[in-house]
2 protein chains.
Amino acid sequence: MSDTTGRTLRLLSLLQAHREWPGAELAERLGVSPRTLRRDVDRLRELGYPVHSVSGPAGGYRLEAGTAMPPLLLDDEEAVAIAVGLRTAAAGTVAGIEETSARALAKLEQVLPSRLRRRVNTLHTQTVALPGALPRPWPAVDAETLAVLAQAARDRERLRFGYRDRDGAESARLAEPYRLVSAGRRWYLVAWDTGREDWRTFRVDRMTAPRAVGVRFAPREPPEGHIERSIVAPISRHRAVVTLHAPLEVAADRIWPSDHVRLEAVDERTCLLRTGGDSLEWLALTIGLLDLDFTVHEPPELADRMRRLAGRLRADQGSTEPPERQ
Amino acid sequence: MSDTTGRTLRLLSLLQAHREWPGAELAERLGVSPRTLRRDVDRLRELGYPVHSVSGPAGGYRLEAGTAMPPLLLDDEEAVAIAVGLRTAAAGTVAGIEETSARALAKLEQVLPSRLRRRVNTLHTQTVALPGALPRPWPAVDAETLAVLAQAARDRERLRFGYRDRDGAESARLAEPYRLVSAGRRWYLVAWDTGREDWRTFRVDRMTAPRAVGVRFAPREPPEGHIERSIVAPISRHRAVVTLHAPLEVAADRIWPSDHVRLEAVDERTCLLRTGGDSLEWLALTIGLLDLDFTVHEPPELADRMRRLAGRLRADQGSTEPPERQ
DNA sequence: GAGTCGCGGTCAGGTTCCGGCCGCGATCGG
DNA sequence: CCGATCGCGGCCGGAACCTGACCGCGACTC
């Protein structure tokens with residue numbers, strides 16, 4: 001049995017499925033001796049995939065980001081999610097990468113098992129069937145954060161983060177994430193709060209700087225039906241509050257309405273814009289492009305960013321001819 | 001030299017990059033004898049990946065859809081496209097798979113090289129429809145069709161399809177696809193029409209039942225500027241020429257390569273960007289988000305728009321308190 | 001019908017792989 | 001500070017594997 005290639009692939013798959021593994025468990029799963037496992041790991045390293053290792057108790061192996069993409073080993077659901085995401089992106093929901101998305105989609109669909117293809121079809125038609133509601137404004141959630149949370153929950157790693165509760169009070173938390181839940185556009189993390197010694201449901205948008213602390217914990221089940229809560233506000237990294245020195249109607253005319261935008265009149269010549277976004281540059285530019293006089297109230301960083309951008313933009317635009325027509 | 005595992009991986013990668021390969025070429029690329037190649041193919045089959053083969057001249061190997069997902073071997077752009085698609089899907093743009101998308105994203109981001117991560121970030125913020133540039137409903141292009149076209153173009157396979165031209169006249173076409181181009185919400189296929197013996201640009205939504213006919217053709221280059229003339233120019237109202245005060249590599253890293261974008265080095269610290277778009281605001285936004293110093297040469301309106309934008313951003317007084325807390 | 005191409009059997013020689021054993025060093029907990 | 005745990009990598013011997021070469025066969029195209 002020419003097992004070694006397949007085993008190496010299986011090892012890669014395991015390393016992608018969980019972030020960190022103790023060597024002994026890997027060896028057992030692959031059905032080889034620990035010595036051979038070390039050799040397999042070396043093989044992966046020689047192939048250019050950086051496998052990081054930690055000595056001592058609680059040591060183990062983990063696959064890190066290197067300079068080249070390793071082969072992605074996906075389970076069924078993930079493959080479906082990717083296919084659906086690519087279809088949507090190719091449909092023009094995401095600007096600028098349509099053609100590449102189509103190419104990636106071609107590659108994936110070439111090898112996509114037919115039972116999965118069926119699922120992709122039903123899912124895709126389900127989601128795109130809302131022509132009116134299709135053009136989404138900006139992303140509701142910080143994807144980076146989601147990825148961190150999903151990973152911590154998957155790998156059963158303790159999570160440290162700041163949390164701002166309903167009343168705005170900040171606190172530092174240490175929790176054992178159980179599952180990431182999305183309800184509508186909102187995301188929640190169900191977790192065991194080790195400080196409070198109880199189950200909590202955290203709104204993801206109120207969490208700050210979550211990071212896996214590297215300590216694994218024993219799984220734990222939450223009580224039946226623990227996952228209920230209701231909230232309103234959108235989820236984005238930066239929330240902006242800006243006064244626009246223009247009548248409400250004028251402003252409303254230039255702003256693409258969405259869940260993430262609130263516009264209220266202050267008086268007949270002024271209105272207040274509340275909005276949010278993942279990047280300060282994005283906020284600065286979209287606000288600036290409204291072409292209205294405005295005053296930024298929050299966040300303070302936004303004003304800084306605007307000044308910096310203004311500096312870039314000011315520099316003698318259009319004064320010169322392009323260098324040379326090659 | 002323990003090459004065999006890596007070679008098997010490389011073989012898998014080749015089989016995903018093109019649909020069909022003649023055995024001799026695969027053997028040469030992998031640097032082994034044809035006999036060994038056959039053994040490698042057998043190995044893949046034993047691992048459960050269905051490699052189909054065709055005898056006779058024009059024979060070769062092709063990887064087909066099996067019962068399990070094979071490891072996906074992605075190039076940089078594809079990886080970025082998938083990451084962006086997943087982020088968007090996870091953010092709730094696509095209903096029903098948010099949690100799975102987040103999981104897949106975690107898996108991908110764990111191994112995503114950092115240079116790609118930057119591209120994902122800048123791209124991700126651009127997913128929004130602009131105020132002003134309202135997304136009008138468009139004859140939806142079938143993702144399945146797109147995948148077929150992208151694959152045929154990639155693999156250089158002749159394509160047979162029906163086409164309904166501007167006047168509604170139907171015709172059957174046989175063409176050698178060159179490239180799939182997306183402009184705005186529309187898709188075009190640039191191809192050599194073997195019947196007309198000339199280059200044609202087909203609108204994808206007017207094509208019916210395209211399918212790869214299985215015949216490979218020798219690649220052929222369209223005349224210089226053909227794509228720009230037939231698609232980019234008519235579609236994008238504004239064509240911009242901008243000097244970026246950054247090395248080519250830095251700029252290339254932040255700009256999504258597409259048919260609408262040309263980037264050339266001027267010297268070691270400067271490069272020239274040519275791009276196009278429907279709206280000045282969109283152009284200003286994408287250029288502004290690059291976070292690079294730049295100088296706009298064309299069009300003059302864009303330079304004006306940038307100056308105005310700079311004025312707005314600078315004019316903000318940055319007062320701290322909003323008028324009244326509602 | 002000729003030529004091309006994939007298929008798979010066989011063989012021989014060299015290489016690799018594996019498990020077991022060892023001492024080493026890093027890390028964590030007491 | 002010490003001991004336990006875990007990853008590291010050298011070494012060994014025997015078994016297994018991999019490779020290239022050669023062969024005749026069958027499928028397919030022109």
Side-chain angles (χ1 to χ4, degrees), chain A residues 1-12 14-15 18-47 49-64 155 157-158 212-218, chain B residues 1-12 14-15 18-47 49-64 155 157-158 212-218:
Chain A
M1 181 112 123
S2 112
D3 207 19
T4 138
T5 300
R7 195 183 56 233
T8 308
L9 236 50
R10 249 159 52 228
L11 174 57
L12 206 50
L14 289 175
L15 286 174
H18 266 271
R19 192 156 67 161
E20 185 140 6
W21 293 85
E25 189 174 348
L26 284 177
E28 198 207 348
R29 290 220 180 200
L30 297 174
V32 292
S33 70
R35 183 66 187 89
T36 300
L37 171 79
R38 265 172 279 158
R39 273 190 276 247
D40 285 353
V41 170
D42 280 344
R43 220 193 315 275
L44 284 185
R45 288 183 182 143
E46 268 169 31
L47 289 174
Y49 309 124
V51 181
H52 185 241
S53 50
V54 182
S55 303
Y61 296 90
R62 92 168 30 183
L63 183 60
E64 295 195 326
D155 298 339
E157 285 191 48
R158 284 226 177 114
V213 86
V215 181
R216 313 220 7 219
F217 59 85
Chain B
M1 184 120 102
S2 111
D3 208 19
T4 139
T5 300
R7 196 183 57 234
T8 308
L9 237 52
R10 249 157 53 227
L11 174 57
L12 205 53
L14 289 175
L15 286 174
H18 266 272
R19 191 156 67 163
E20 186 141 3
W21 294 85
E25 190 174 348
L26 285 177
E28 199 207 348
R29 291 218 180 202
L30 298 175
V32 293
S33 71
R35 184 66 186 90
T36 300
L37 171 79
R38 264 172 282 160
R39 275 191 272 248
D40 284 354
V41 170
D42 280 345
R43 219 193 315 274
L44 283 185
R45 287 183 181 142
E46 270 170 30
L47 289 174
Y49 309 124
V51 182
H52 185 240
S53 51
V54 181
S55 302
Y61 296 89
R62 96 169 28 183
L63 182 60
E64 295 196 326
D155 298 339
E157 287 191 44
R158 283 226 178 114
V213 85
V215 181
R216 314 229 352 227
F217 59 85

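Each chain gets a letter, A, B and so on, in the order the sequences are listed, and its residues count up from 1.
Whole-Å rounding puts the A/L11 CG to D/dG7 C1' distance at 15 Å. Put simply, CG on A/D3 is 10 Å from P on D/dC17, counting in whole angstrom units. With rounding to whole Å, A/R43 atom CZ is found 15 Å from D/dC8 atom P.
Every salt bridge (charged side-chain N to carboxylate O under 4.0 Å, His left out) that B/E25 has, sequence neighbours left out, goes to B/R29. Residues satisfying the side-chain contact (heavy atoms from CB on, under 4.5 Å) test with B/R10, not counting sequence neighbours, are B/D3, B/R7, B/L30. For B/R35, there are no side-chain hydrogen bond (donor to acceptor under 3.5 Å, both in side chains) partners two or more places apart in sequence or in a different chain. For B/R158, the side-chain hydrogen bond (donor to acceptor under 3.5 Å, both in side chains) partners two or more places apart in sequence, or in a different chain, are B/E176. B/T8 is linked by a side-chain hydrogen bond (donor to acceptor under 3.5 Å, both in side chains) to nothing, counting only residues two or more places apart in sequence or in another chain.
For residues 33-42 of chain A, proximity to DNA chain C is found at A/S33, A/R35, A/T36, A/R39, defined as any non-hydrogen atom under 4.0 angstrom from a strand atom. Contact check of residues 20-27 of chain A against DNA chain C (heavy atom, cut-off under 4.0 Å) returns no residues at all.
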Return a table of donor-acceptor pairs under 3.5 angstrom between the side chains of residues 49-56 of chain A and protein atoms on other chains or two or more places apart.
residue	atom	partner	partner atom	Å
A/S53	OG	A/R45	NH2	3.3

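Within the structure, the salt bridge (charged side-chain N to carboxylate O under 4.0 Å, His left out) test picks out no pair touching residues 50-59 of chain A (sequence neighbours left out). Sorted by first and then second residue, the pairs that involve residues 18-44 of chain A and meet ring pair (Phe, Tyr, Trp, His ring centres under 6.0 Å), not counting sequence neighbours, are A/H18-A/W21.
Five base pairs at each end of the helix from C/dG1-D/dC30 to C/dG30-D/dC1 define two local axes, and these are offset by 60° (rounded to 10°).
Minimum atom distance to the side chain of A/Y61 is reached by D/dC8, of the listed C/dC7, D/dC8, D/dT19.
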Base-contact (B) and sugar-phosphate-only (S) positions in nucleotides 25-30 of chain D, heavy-atom cut-off under 4.0 Å, - elsewhere: --BBS-
